[in-house]
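Working notes for the structure below.
Numbers here are sequence positions counted from 1. Not measured: the values here are computed from a predicted model.
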Amino acid sequence: MARIVRVDLLMVDLKPKVKRVDAIQSFVSQETPIVRITDADGVVGTGYSYTIGTGGHSVMALLQRTLAPAVIGRDAYDIEAIWRDLLFLTHATTVGAITAIAMAAIDTALWDLKCRKLGLPLHRLAGGAQKDVPLYTTEGGWLHLEQSALVEDALRAKQEGFGGCKLKVGRPIHEDVARIAAVREAVGPGFEIFTDANQAFAVDEAIRRARAYEPLDIGWLEEPLPADDISGHERLSQHTSLPIAVGESLYSVSHFREYLQRHAASVIQVDVGRIGGITPWLKVAHMAEAFNVAVCPHFLMELHVSLCAAVPNARWVEYIPQLDELTTERMRMEQGRARPSDAPGLGIEWDFAAIDRLAVEGSRSTIQ
């Protein structure tokens, strides 16, 4: 038995490495709740999740007052049972971002603890399907950047071995088309260009834009509509040859089920920090596999590299570095591919001295 005896909580607020602007918002900071769970043998598992600038203190309050006290005395190996119990404990606030983000921090810590006790890396304990996964970069494709900067970054990414890049869309349609076309002309065929609208369009506008983007050979159109408009995504999918990607703004396994059943998406971008942890992430990934649909998760590359390597239908890892200030080692990249760590745990080497130094004032607490 791995009885949980202590939970330590704090939050770090990380600034983005580059200015990040899309069609509806700016990514101004990464509030990063960090959970450390200790069992009776003294083994510690570390988990985390994130916001893009708001809600972090609400997440911490839910962890401190409700979720962390509920896991004290539980067997840390009972990850599925704990996740279900926490879900029903917070039933009045689910499905929702605050609850899912808080649960993700607990759940990832439990998986880290289990991996460490068993001496296995996450990618093997969770499945061991792939040795590495291709990378594409988003860091040079933000909406505020000028066309020349997009081209320059795409060429640099191709030279560095990346298999593709992502461009934000949402400018006037002629500008979007010109920007995508310029990048395609520069990089040539065989280099993927993905596009991301960040839920900016109504369905008729999305159909119009998809038709304009189709001749430019793009890999997918991401979040073209509000995430809760499943019927709109279904209609759009019927009117375009472009793969439609969704997932970063979905917080429930059942939401992914509806998208898959209705053939409203052909790329699943499930985000471990927003779905509620590794436990539901794996459910979504395997469900997508049953529909012969690829998983290409959003953000959190340092954690998603291990999860993508765990399942057979993961196609891409998104390169957006964000944890460098909090880790002692970087994600391993070889010839444009992400390779998971073989060390026991999540595969993240935390710099706890840096975490303690950067902790948001008043965010620390210990539950025993």
Side-chain angles (χ1 to χ4, degrees), residues 1-12 32-50 59-60 63 67-68 70-72 74-83 86 100-128 270-283 285 297 299-311 317 322-323 326-332 338-356 359 366-367:
M1 180 176 180
R3 186 173 63 86
I4 297 170
V5 298
R6 175 180 174 132
V7 181
D8 292 290
L9 308 169
L10 59 79
M11 184 171 71
V12 173
T32 308
I34 295 176
V35 174
R36 303 195 74 198
I37 295 177
T38 305
D39 75 0
D41 295 327
V43 180
V44 180
T46 303
Y48 73 114
S49 55
Y50 75 101
V59 172
M60 295 304 297
L63 285 166
L67 299 184
V71 303
I72 297 296
R74 299 292 299 266
D75 189 332
Y77 280 164
D78 295 340
I79 297 177
E80 181 74 35
I82 291 173
W83 194 90
L86 295 183
I101 292 168
M103 287 183 64
I106 293 278
D107 190 72
T108 51
L110 289 173
W111 275 89
D112 188 48
L113 192 154
K114 183 176 183 179
C115 287
R116 291 177 183 278
K117 292 207 75 162
L118 297 178
L120 289 172
L122 174 61
H123 69 95
R124 290 189 61 201
L125 184 62
V270 58
D271 182 326
V272 71
R274 293 182 173 179
I275 192 64
I278 293 168
T279 300
W281 192 99
L282 289 169
K283 295 178 190 296
F299 198 43
L300 295 185
M301 67 179 195
E302 296 89 353
L303 180 51
H304 281 141
V305 59
S306 292
L307 289 175
C308 283
V311 300
V317 171
Q322 190 64 12
L323 291 184
L326 305 183
T327 56
T328 59
E329 294 182 10
R330 308 294 179 255
M331 185 181 72
R332 294 160 58 193
R339 183 176 290 272
S341 169
D342 287 322
L346 299 183
I348 300 172
E349 295 298 327
W350 296 103
D351 183 342
F352 291 108
I355 290 171
D356 288 339
T366 296
I367 292 88

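- Donor-acceptor pairing under 3.5 Å is recorded for the side chains of Asp271 and Tyr50.
- Rounded to the nearest 0.5 Å, atoms CG (Leu63) and CD1 (Ile101) are 10.5 Å apart.
- Looking at Pro33 and Ser49, their side chains come closer than 4.5 Å, going by heavy atoms from C-beta outward.
- Nearest heavy-atom pair across Pro340 and Ser306 is CB-OG, 3.8 Å.
- Residue pairs that meet the salt bridge (charged side-chain N to carboxylate O under 4.0 Å, His left out) test with at least one member in residues 340-356, sequence neighbours left out, are Asp356-Arg364.
- Atom-to-atom distance recorded for Leu323:CG and Arg330:CZ is 9.5 Å, nearest 0.5 angstrom.
- Judged by distance alone, the side chain of Asp75 and the main-chain N or O of Ala2 form a donor-acceptor pair under 3.5 Å.
- For the atom pair CD of Glu329 and CD1 of Ile348, the computed distance is 11.5 Å after rounding to the nearest 0.5 Å.
- The shortest side-chain heavy-atom distance between Glu302 and Thr327 does not fall under the 4.5 Å cut-off.
- Distance check: Leu122 CG to Lys114 NZ gives 11.0 Å after rounding to the nearest 0.5 Å.
- Relative to the ring axis of Phe352, Arg36 places its NZ or CZ within 45° and under 6.0 Å from the centre.
- Here the side chain of His123 pairs a donor or acceptor atom with the backbone of Ser341 at under 3.5 angstrom.
- Between His304 and Met331 there is no side-chain heavy-atom pair separated by less than 4.5 Å.
- In terms of heavy-atom proximity, Ile37 sits nearest to Leu113 at O-CD1, 3.3 Å.
- Heavy-atom minimum distance, Trp83 versus Ile275: CZ2-O, 4.3 Å.
- Residues Trp281 and Thr108 fail the side-chain proximity criterion, which asks for heavy atoms closer than 4.5 Å.
- Inter-residue side-chain proximity for Lys117 and Asp41 is flagged as met; some heavy-atom pair is nearer than 4.5 Å.
- The line from CG of Leu303 to CG of Asp112 is 9.5 Å long, rounded to the nearest 0.5 Å.
- The side-chain heavy atoms of Ile278 and Leu346, taken from C-beta on, include a pair separated by under 4.5 Å.
- A distance of 9.5 Å separates CG in Leu110 from CG in Asp78, rounded to the nearest 0.5 Å.
- The two atoms that bring Leu9 and Ile367 nearest to each other are CD1-CD1, 3.7 Å, heavy atoms only.
- The two residues Pro344 and Cys115 make their nearest non-hydrogen contact at CB-O, 3.9 Å.
- Looking only at side-chain heavy atoms (C-beta outward), Leu307 and Pro297 stay at 4.5 Å or farther from each other.
- Taking the side chain as every heavy atom from C-beta outward, Leu282 and Trp111 approach each other to under 4.5 Å.
- Heavy atoms only, all atoms of each residue included: Ile355 and Trp350 are closest at CD1-CE3, 3.6 Å.
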